[in-house]
There are 2 protein chains.
Amino acid sequence: MIRILLADDEHLIRGAMAALLSLEDDLEVVAQAATGAEALATARVVRPDVAVIDLQMPDLDGVSVAQALASDLPTCSTMIVTSHGRPGHLKRALAAGVRGFLPKTVSSDVLATVVRTVHNGGRYVDPALAAEAISAGDSPLTPREADVLELALEGAPIDEIARRASLSPGTVRNYLSSAVGKTGASNRHEAARLARARGWI
Amino acid sequence: MIRILLADDEHLIRGAMAALLSLEDDLEVVAQAATGAEALATARVVRPDVAVIDLQMPDLDGVSVAQALASDLPTCSTMIVTSHGRPGHLKRALAAGVRGFLPKTVSSDVLATVVRTVHNGGRYVDPALAAEAISAGDSPLTPREADVLELALEGAPIDEIARRASLSPGTVRNYLSSAVGKTGASNRHEAARLARARGWI
DNA sequence: CGGGCGCGATGACATCTGTCATGGGTTTCT
DNA sequence: AGAAACCCATGACAGATGTCATCGCGCCCG
């Protein structure tokens with residue numbers, strides 16, 4: 001019997017997924033959580049075999065949870081399900097030791113199959129997402145450029161970005177200018193949008 | 001027996017919701033759809049009592065489906081479930097004749113209860129969403145301002161917005177300036193973000 | 001060791017944006 | 001009829017932004 005921890009902030013979906021997984025004879029949902037922190041705390045107590053975690057949750061990112069889980073419970077395999085599959089998320093997730101990565105558009109039997117796969121030490125990444133991630137390519141942005149661009153996401157003026165990044169406004173403009181060039185955008189706002197769409201930030 | 005049509009692009013969730021609803025003795029999921037168009041076509045054939053529709057789907061907006069359904073099948077009550085509840089969506093949905101509006105964070109028994117409620121001619125809106133919608137207030141933007149601001153969402157430069165809106169660049173700047181003032185933002189990009197967050201566009 | 005790269009900064013310049021005043025046209029309400 | 005709101009446009013001005021050249025510093029790699 002594979003013991004599963006389920007984490008998703010949407011009760012409806014979590015409950016529904018639990019119901020579906022419980023239909024399988026060899027699967028058992030032993031715990032559920034609605035937030036990342038809750039998932040982490042619960043996992044430490046129940047020590048599940050597999051953790052099925054939603055990517056976007058109110059507090060902790062699914063990837064962060066996976067990372068913590070990987071060091072805390074090495075015997076527990078983590079897989080991520082998500083509604084909006086961005087290439088960058090996939091890359092980060094894989095780096096965090098995630099064994100499975102699925103969009104929520106998959107059918108329930110695929111989900112069950114993948115649970116078994118990762119429990120057996122295998123890996124599984126949705127083919128469509130994998131293709132997207134490959135085609136998106138590596139980020140050409142330097143770490144600092146990515147930082148600054150991320151701060152630009154909300155549309156703040158340069159002076160505020162500079163304050164938040166503890167940089168001179170001129171430096172911020174240089175980084176942004178470089179990022180605009182690399183993304184092919186016509187201004188930093190579009191650049192920030194594109195970079196996020198490509199999973200670079 | 002209440003006959004239900006279920007529309008959601010995420011197979012996993014749709015299947016799971018179907019499983020949950022079928023657990024209820026008086027509810028029966030008679031059809032499922034993965035897109036808005038599919039939902040509409042299916043509904044015309046099976047004529048369900050209640051349509052449970054996801055707000056965001058690949059092709060047709062959930063609200064558009066609801067609107068079409070309201071005129072096509074007056075006997076069918078429509079309710080919307082959504083992951084991201086923006087106040088503006090609620091308002092539009094209500095205007096389209098939607099009888100129930102729920103976030104996906106609700107529990108399954110609430111979902112079943114609401115299905116029965118709307119089938120009996122009642123209405124139900126999630127209290128948290130309702131409160132949010134009320135506090136967000138009416139949009140202070142004029143229709144044209146909203147148009148232009150929407151085109152600004154993607155970060156395009158003013159000249160492109162002007163072309164896409166068939167306006168003079170100067171006029172675009174005037175509208176945007178007005179919108180920036182009304183939203184309390186410091187530039188059009190932030191204004192666009194805020195307006196979307198408040199459901200004004 | 002030298003070169004390449006990233007980090008942080010400055011200054012100069014052209015352009016883009018935001019703001020304001022102004023005007024004329026339409027529709028709607030009083 | 002008059003006021004008020006919206007639509008569309010123009011012109012002017014200041015400040016924000018994008019771009020480029022240039023500098024010094026530290027790091028790593030061949």
Side-chain angles (χ1 to χ4, degrees), chain A residues 88 91-92 95 136-201, chain B residues 88 91-92 95 136-201:
Chain A
K91 202 162 295 185
R92 279 199 308 137
D138 267 355
S139 169
L141 303 175
T142 71
R144 219 62 180 113
E145 283 168 4
D147 286 351
V148 174
L149 204 52
E150 197 161 5
L151 290 172
L153 257 182
E154 293 162 18
I158 285 194
D159 284 347
E160 189 185 326
I161 300 176
R163 256 183 292 116
R164 291 222 264 163
S166 303
L167 287 175
S168 122
T171 304
V172 170
R173 281 198 283 165
N174 286 340
Y175 283 147
L176 289 176
S177 179
S178 163
V180 165
K182 286 175 179 175
T183 53
S186 56
N187 58 52
R188 65 196 154 97
H189 306 285
E190 194 185 352
R193 259 190 4 94
L194 289 174
R196 194 172 46 124
R198 295 177 193 162
W200 293 347
I201 57 176
Chain B
K91 203 162 294 185
R92 279 198 308 137
D138 266 354
S139 169
L141 303 175
T142 70
R144 218 65 179 110
E145 283 167 2
D147 286 350
V148 174
L149 205 51
E150 197 161 4
L151 290 172
L153 256 184
E154 294 162 17
I158 285 194
D159 283 346
E160 189 185 325
I161 299 176
R163 256 183 292 117
R164 292 222 263 162
S166 304
L167 287 174
S168 120
T171 306
V172 170
R173 280 197 283 165
N174 286 339
Y175 283 148
L176 288 176
S177 179
S178 164
V180 166
K182 287 175 179 174
T183 51
S186 56
N187 58 51
R188 65 199 154 95
H189 305 285
E190 192 185 353
R193 260 190 3 96
L194 290 174
R196 193 172 47 125
R198 294 176 193 161
W200 293 347
I201 56 176

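Note on naming: letters A, B, ... go to the chains in the order of the sequence lines (proteins, then strands), and numbering restarts at 1 for each one.
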Counting side-chain heavy atoms from C-beta on, which of D:dC20, D:dT10, D:dC8 comes nearest to B:Arg144?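 The nucleotide sitting nearest to the side chain is D:dC8.
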Nucleic acid contacts - residues 152-173 of chain A versus DNA chain D, non-hydrogen atoms under 4.0 Å: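 Output list: A:Pro157, A:Ile158, A:Arg173.
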Close residues, residues 182-191 of chain B, relative to DNA chain D [heavy-atom separation under 4.0 Å]: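 Residues of residues 182-191 of chain B under 4.0 Å from DNA chain D: none.
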Measure the angle between the two terminal helix axes of the helix from C:dC1-D:dG30 to C:dT30-D:dA1, five base pairs each, and quote it to 10°.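 For the helix from C:dC1-D:dG30 to C:dT30-D:dA1, the axes at opposite ends meet at about 30°.
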Going from CD1 on B:Ile161 to OG on B:Ser166, what distance comes out if it is rounded to the nearest 0.5 angstrom?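 Reported value, rounded in 0.5 Å steps: 13.0 Å.
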Approximate separation, where rounding is to 0.5 Å, of B:His189 NE2 and A:Asn187 CG: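 Reported value, rounded in 0.5 Å steps: 5.0 Å.
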Side chain of B:Lys182, backbone of B:Leu141: donor and acceptor closer than 3.5 Å?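 No; zero donor-acceptor contacts below 3.5 Å.
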Can you give one letter per nucleotide of nucleotides 25-30 of chain C, 5' to 3': B if a protein heavy atom sits under 4.0 Å from the base, S if only from the sugar-phosphate, - if neither? ------
Nearest atoms (heavy-atom pairs only) where [X] meets [Y]:
X	Y	value
A:Glu154	B:Arg193	O-NE, 2.8 Å
A:Arg144	A:Ala165	NH2-O, 3.6 Å
A:Ile158	A:Pro169	CG2-O, 3.9 Å
B:Ala192	B:Ile201	O-CD1, 3.8 Å
A:Arg188	A:Ala156	NH1-O, 2.8 Å
A:Ala146	A:Trp200	CB-O, 4.4 Å

Atom-pair distance ([atom1] on [X]; [atom2] on [N]), nearest Å:
X	N	atom1	atom2	result
A:Asp147	C:dC7	CG	C1'	12 Å
A:Leu149	D:dG18	CG	P	11 Å
B:Leu141	D:dC7	CG	C1'	15 Å
A:Leu176	C:dC7	CG	C1'	15 Å
B:Tyr175	D:dT10	OH	C1'	14 Å

Sequence neighbours left out, what passes side chain to side chain donor-acceptor pair (under 3.5 Å) with A:Glu150? Give chain and number order.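 None.
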Verify the contact: side-chain N or O of A:Ser177 to OP1 or OP2 of D:dT19, cut-off strictly under 4.0 Å; return yes or no.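 So the side chain of A:Ser177 is within the cut-off, an N or O lying under 4.0 Å from OP1 or OP2 of D:dT19.
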On the side chain of A:Asn174, is there an atom forming a donor-acceptor pair with the base of D:dC20 - under 3.5 Å, no angle test?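 Between D:dC20 and A:Asn174, which were checked side chain against base, a qualifying N/O pair under 3.5 Å is present.
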Taking only distance into account, with no hydrogens and no angle test, what donor-acceptor pairs under 3.5 Å do side-chain atoms of residues 173-181 of chain B form with protein atoms, sequence neighbours excluded?
residue	atom	partner	partner atom	Å
B:Ser178	OG	B:Glu145	OE2	2.7

